[in-house]
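Notes follow once the structure below has been shown.
Remember, predicted model here, so these are calculated numbers, not experimental data. Throughout, a chain's letter reflects where its sequence line sits, starting with A, and its residues are numbered from 1.
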Protein chains: 2
Amino acid sequence: MLIHLDFQSDIPIYLQLKMQIIEGIATGKLKPGESLPSVRQFAEDLGINLHTVNKTYNLLKQDGFILVHRQKGVVVNPDEGPKVTEEYLTQLHTELRPMIIEAFCRGMSKEEFNKICSQIFLELKEKGEG
Amino acid sequence: MLIHLDFQSDIPIYLQLKMQIIEGIATGKLKPGESLPSVRQFAEDLGINLHTVNKTYNLLKQDGFILVHRQKGVVVNPDEGPKVTEEYLTQLHTELRPMIIEAFCRGMSKEEFNKICSQIFLELKEKGEG
DNA sequence: ATAACTGTTATATTTATAATATAACAGTTA
DNA sequence: TAACTGTTATATTATAAATATAACAGTTAT
């Protein structure tokens with residue numbers, strides 16, 4: 001699993017890492033049941049602190065993307081991953097709203113907006129198949 | 001212009017204020033050419049610091065949503081507001097990507113995702129007409 | 001059993017950002 | 001002259017991110 005962290009970004013490292021792991025799962029680079037490095041090994045590989053990786057793992061565990069076995073270590077959820085819950089929909093709506101408000105204000109139509117979203121969806125699908 | 005700030009939110013106040021002003025412009029509650037309170041007056045009304053309002057105004061000015069005349073004070077851009085620039089599209093894409101990755105990972109189809117976006121668009125349109 | 005590993009927890013420190021507090025400057029307006 | 005405008009500067013407080021060390025409890029392989 002190849003990770004690239006931007007230390008100059010205003011996005012916290014633990015969130016960058018979380019996103020890229022989710023992307024790995026989404027595109028199939030990380031298969032269900034596949035192991036992830038230990039917090040110490042991953043931290044060393046990425047040149048960051050153990051606690052930063054641990055923070056990321058805790059978030060992913062909380063969302064149901066990964067499981068933490070006392071024996072097997074950290075593993076991509078081998079069963080069904082997290083689904084579209086009510087809680088998630090609320091969060092998604094909260095995050096989308098301000099973005100759409102600005103898009104609307106700039107004169108972007110919902111068709112244009114949806115086109116951009118669809119394109120990102122297709123890119124993910126292609127990565128998953130390719 | 002009615003503003004509600006959530007001091008418990010993890011979203012910074014200056015961003016909450018920025019979003020709500022843009023929403024006001026989007027929904028027509030703030031008309032082109034309309035005046036906004038001075039930094040001091042607005043800060044007093046909202047119970048926050050002068051500099052927090054100033055930070056918001058500077059961001060809105062930078063994006064072209066408002067103008068700052070030495071005489072007239074702060075005014076909603078009376079001409080055409082900011083449009084869909086290349087820079088904006090890049091930013092939008094960067095913000096949308098992680099959200100769509102998670103949606104995709106949770107098994108949400110692009111049709112479902114677009115439906116949610118469309119609904120938010122329609123809500124804004126209704127507010128603007130109503 | 002000893003050693004090396006696992007996630008987890010605790011504590012402390014450094015760094016960066018958000019927000020506030022005062023103060024002042026230059027220009028405008030009544 | 002007095003009261004306002006945005007702007008700038010400086011300092012302080014509060015919070016979150018990231019790091020540094022250390023330890024604990026359980027597992028695994030030698």
Mind checking if B/His51 touches a base, just sugar-phosphate, or nothing, with heavy atoms under 4.0 Å?
base
Re C/dA30: Watson-Crick or G-U wobble partner, both distances kept under 3.5 Å, found to be D/dT1
Can we say B/Arg106 and B/Glu102 salt-bridge, meaning some charged N sits less than 4.0 Å from an Asp/Glu carboxylate O?
yes
Interatomic distance where CZ belongs to A/Phe7 and P belongs to D/dA17 [whole Å]:
16 Å
Output, in order, the C-alpha distance, side-chain angles, deciding distance and verdict of side chain to side chain donor-acceptor pair (under 3.5 Å) for B/Asp45 and B/Gln41.
CA-CA 6 Å; B/Asp45 294 346; B/Gln41 185 62 52; 2.9 Å; yes
Expressed in angstrom and rounded to an integer, what is the separation of A/Leu46 atom CG from D/dT19 atom P?
10 Å
With a cut-off of less than 4.0 Å, is there a side-chain N or O of B/Tyr57 near OP1 or OP2 of D/dG6?
no
Check whether any side-chain nitrogen or oxygen of B/Tyr14 sits under 4.0 Å from OP1 or OP2 of C/dA18, and answer yes or no.
yes
From CG of A/Asn49 over to P of C/dT14, roughly how many Å is that when rounded to an integer?
15 Å
Taking only the side-chain nitrogens and oxygens of A/Thr52, find out if one of them lies under 4.0 Å from OP1 or OP2 of D/dT19.
yes
What is the separation between atom CZ on B/Phe42 and atom P on D/dT5, rounded to the nearest whole Å?
13 Å
Any B/Lys55 side-chain N or O less than 4.0 Å from OP1/OP2 of C/dA19:
no
Can you check whether any acceptor in the base of D/dT21 is under 3.5 Å from a donor in the side chain of A/Arg40, or vice versa?
no
Residue whose nearest DNA chain D nucleotide is more 5′ - A/Pro12 or A/Leu50
A/Pro12
Any-strand Watson-Crick or G-U partner of C/dT11, both distances under 3.5 Å
D/dA20
Using whole Å, what does the distance between atom C1' of nucleotide D/dA17 and atom CG of A/Leu59 come to?
13 Å
Ignoring backbone atoms, test whether B/Ser38 places a side-chain nitrogen or oxygen under 4.0 Å from the OP1 or OP2 oxygen of D/dT5.
yes
For B/Asp10 and D/dA17, what is the distance between atoms CG and P respectively, to the nearest whole Å?
9 Å
Output yes when at least one side-chain N/O atom of A/Asn54 is less than 4.0 Å from OP1 or OP2 of C/dT8, else no.
yes
Under 4.0 Å between a side-chain nitrogen and a carboxylate oxygen: does that hold for A/Arg97 and B/Glu23?
yes
Provide, to the nearest angstrom, the distance between the CD atom belonging to A/Glu44 and the C1' atom belonging to C/dT6.
15 Å
Closer than 4.0 angstrom, basic N to acidic O: yes or no for A/Glu123 and A/Lys127?
no
With respect to the side chain of A/Lys61, which nucleotide from C/dT20, D/dT7, C/dT8 is positioned closest?
C/dT8
Below 30° counts as parallel, above 60° as perpendicular, anything between as tilted: where do the rings of B/Phe42 and B/Tyr57 land?
tilted
Whole angstroms only, please: what is the CD1-C1' distance between B/Ile11 and C/dT17?
16 Å
